[in-house]
Amino acid sequence: MNRFVRTTLRKAGRHYEKARHDYEGARNSVLENERAHIVCRRYAEKRAVELDSDGRPECYEAGHPDCEGCVEDLHNETIETW
């Protein structure tokens with residue numbers, strides 16, 4: 001029984017590490033080459049956008065709550081991507 005538990009835990013650990021590695025890789029690819037692959041909150045569509053020097057998408061509109069939230073998420077690296 002102990003061997004079964006150890007084997008099962010090791011297997012779960014390997015799956016967890018792979019999932020964590022894949023998640024980190026995807027998260028880091030969001031901001032490749034100064035382009036962001038975002039899901040626009042304002043228009044509910046997928047976009048690949050250029051970022052300006054302040055890290056804002058080219059479609060950014062100051063004062064719009066969806067745009068402000070998008071920029072905040074980009075800076076926190078929690079933006080929904082595709």
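Ion pairing between E17 and R20 holds under the 4.0 Å rule for side-chain N and carboxylate O.
How far NE2 of H75 is from CG of D54: 7.5 Å, rounded to the nearest 0.5 Å. Between the CZ atom in F4 and the CG atom in L9 there is a gap of 9.5 Å [rounded to 0.5 Å]. For the atom pair C70 SG and R56 CZ, the distance stands at 12.0 Å (nearest 0.5 Å).
Nearest heavy atom pair, residue G63 against residue E68, reads N-OE2, 2.9 Å. Closest non-hydrogen pair, C67 versus R42, comes out as SG-NH1, 3.9 Å.
For N2, the side chain to side chain contact (heavy atoms under 4.5 Å, CB included) criterion is met by R6, not counting sequence neighbours.
Between C59 and R47 the shortest side-chain heavy-atom distance falls below 4.5 Å.
Cluster annotation: L51 is not connected to V71 through the hydrophobic network of ILVMFWY side chains, with a link wherever side-chain heavy atoms come within less than 4.5 Å.
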